[in-house]
Peer 1: 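Have a look at this one.
Indexing begins at 1, ligand by ligand and atom by atom, following the structure's order. We're numbering straight along the sequence, starting at 1.
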Amino acid sequence: MEIIKTSIPNLLIIKPEVFSDPRGFFLEVFAENRYKEAGISSNFVQDNISKSSYGVIRGLHYQLAPYSQSKLIHALEGKILDVAVDLRKNSPTFGQHYAVELSAENKLQFFIPQGFAHGFSVLSETAIVSYKCDNYYSQEAERGIVYNDAKLNINWQIPADKAIISSKDSILPSFKEAEHNFVFSI
Ligand SMILES: Cc1cn([C@H]2C[C@H](O)[C@@H](COP(=O)(O)OP(=O)(O)O[C@H]3O[C@H](C)C(=O)[C@H](O)[C@H]3O)O2)c(=O)[nH]c1=O
């Protein structure tokens with residue numbers, strides 16, 4: 001597998017080794033030893049799957065410390081634009097975001113450490129997203145930033161009239177309003 005560093009410290013893209021043959025393909029999507037060697041030393045405790053239709057934007061979400069989650073994400077079906085926002089106050093890229101296309105075709109994985117907000121938009125007719133978390137879901141600790149925050153200015157690649165947002169996500173605070181929650185550090 002190949003580890004691709006991004007412009008944001010500790011935010012990694014993983015290109016797994018794919019074994020193709022006339023039957024189809026095989027790939028490992030996680031192996032504790034190899035991923036630890038690559039700097040992904042999270043002890044994952046929960047796996048999630050969500051399915052969404054074209055135009056859905058889920059996020060931006062994070063959990064308050066000590067329930068913050070690192071995530072290892074890939075698309076089982078379709079194509080998403082996956083976005084991580086750096087909320088770590090002592091990071092040189094605090095407030096910056098990074099976007100990467102994850103698809104069943106490119107088989108890329110995205111590792112987002114604790115201290116980031118996460119969201120994705122669905123660029124295909126439907127998409128099934130699978131991701132590992134190194135902390136359990138905590139509804140009480142769940143927070144968010146509104147997807148169309150002016151400061152972040154994220155291009156979700158979805159026309160405004162086609163965006164499908166949950167009522168909960170549509171009323172999330174701005175980055176500035178949420179900043180008092182960002183007690184994360186590298
Ligand atoms: C996240 C989560 C949700 N739920 C329940 C709570 C709700 O009744 C239902 C849907 O939850 P929600 O609308 O928060 O799902 P998403 O909008 O996909 O949220 C996720 O979206 C972004 C992209 C993330 O990275 C997070 O994993 C998570 O916040 O599932 C659970 O039971 N366990 C969980 O871990």
Peer 1: Would you say atom 31 (C) of ligand 1 touches the protein, meaning some protein heavy atom is under 4.0 Å from it?
Peer 2: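 Within 4.0 Å: yes, protein heavy atom nearby.
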Peer 1: Flag the pair Phe182 / Tyr62 as yes when their ring centroid distance falls below 6.0 Å, and as no otherwise.
Peer 2: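 That pair passes the under 6.0 Å test.
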Peer 1: Do any nitrogen or oxygen atoms of Gln69 come within less than 3.5 Å of a nitrogen or oxygen of ligand 1?
Peer 2: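 Not met; the criterion fails.
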Peer 1: In ligand 1, which numbered atoms sit nearer than 4.0 Å to a non-hydrogen atom of Tyr131?
Peer 2: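 What qualifies from ligand 1 is 20 (C), 24 (C), 26 (C), 27 (O), 28 (C).
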Peer 1: For atom 21 (O) of ligand 1, which of Lys51, Gln63, His61 has the closest heavy atom?
Peer 2: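 Closest candidate by heavy-atom distance is His61.
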Peer 1: Are any non-hydrogen side-chain atoms of Leu60 and Ile154 less than 4.5 angstrom apart?
Peer 2: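 Side-chain contact under 4.5 Å: yes.
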Peer 1: Where is the nearest protein heavy atom to atom 11 (O) of ligand 1: which residue, which atom, and how far?
Peer 2: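 Looking at atom 11 (O) of ligand 1, the protein heavy atom closest to it is Lys168 NZ, 4.6 Å.
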Peer 1: With no hydrogens and no angle check, is any side-chain donor or acceptor of Gln69 less than 3.5 Å from a backbone partner on Asn135?
Peer 2: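 Pair found, side chain donor or acceptor close to backbone of Asn135.
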Peer 1: Under a 4.0 angstrom heavy-atom cut-off, which atoms of ligand 1 come close to Glu142?
Peer 2: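 By the 4.0 Å cutoff, the relevant atoms are 14 (O), 29 (O).
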Peer 1: What atoms in ligand 1 come closer than 4.0 Å to a heavy atom of His118?
Peer 2: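 Numbered from 1, ligand 1 contributes 23 (C), 24 (C), 25 (O).
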Peer 1: Heavy atoms, side chains only, cut-off 4.5 Å: are Ile14 and Tyr35 in contact?
Peer 2: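 Side-chain contact under 4.5 Å: yes.
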Peer 1: Which of the numbered atoms in ligand 1 are under 4.0 angstrom from any heavy atom belonging to Lys71?
Peer 2: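 Reading through ligand 1 atom by atom, the close ones are 24 (C), 25 (O), 26 (C), 27 (O).
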Peer 1: Is there a nitrogen or oxygen of Gln46 sitting under 3.5 Å from a nitrogen or oxygen of ligand 1?
Peer 2: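 Such a contact does occur with ligand 1.
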Peer 1: When you measure from atom 25 (O) of ligand 1 to the protein, is at least one non-hydrogen atom found at a distance under 4.0 Å?
Peer 2: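 Yes, because at least one protein heavy atom sits under 4.0 Å from atom 25 (O) of ligand 1.
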Peer 1: Angle class for the Phe26/Phe19 ring planes (parallel below 30°, perpendicular above 60°, tilted otherwise)?
Peer 2: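 If you compare the ring of Phe26 with that of Phe19, the planes turn out tilted.
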Peer 1: Check whether any N or O atom of Asp169, backbone or side chain, sits under 3.5 Å from an N or O atom of ligand 1, and answer yes or no.
Peer 2: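 There is no such contact.
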Peer 1: Report yes if some heavy atom in the side chain of Ile73 is under 4.5 Å from a heavy atom in the side chain of His118; otherwise report no.
Peer 2: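 Side-chain contact under 4.5 Å: yes.
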Peer 1: Among all protein heavy atoms, pick out the one at the shortest distance from atom 18 (O) of ligand 1; state its residue, atom name and that distance to 0.1 Å.
Peer 2: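 For atom 18 (O) of ligand 1, the nearest protein heavy atom comes out as Arg58 NH1, 2.8 Å.
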Peer 1: Scan the protein's non-hydrogen atoms and note whether one is under 4.0 Å from atom 9 (C) of ligand 1.
Peer 2: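 When distances to the protein are checked, atom 9 (C) of ligand 1 has no heavy atom within 4.0 Å.
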Peer 1: Return the orientation label for the Phe44 and Phe111 ring planes: parallel under 30°, perpendicular over 60°, tilted otherwise.
Peer 2: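 If you compare the ring of Phe44 with that of Phe111, the planes turn out perpendicular.
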Peer 1: Establish, for the pair Lys71 and Phe116, whether the NZ or CZ atom is under 6.0 angstrom from the six-membered ring centre and no further than 45 degrees off its axis.
Peer 2: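 Judged by the rule (NZ or CZ under 6.0 Å from the ring centre, within 45° of its axis), Lys71 is not positioned above Phe116.
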Peer 1: Is the gap between the ring centers of Phe175 and Phe94 under 6.0 Å?
Peer 2: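 Aromatic pair counts; centres sit under 6.0 Å.
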Peer 1: What residue and atom, counting heavy atoms only, is the protein's closest point to atom 6 (C) of ligand 1, and at what distance?
Peer 2: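 Of every protein heavy atom, Tyr137 OH, 3.6 Å lies nearest to atom 6 (C) of ligand 1.
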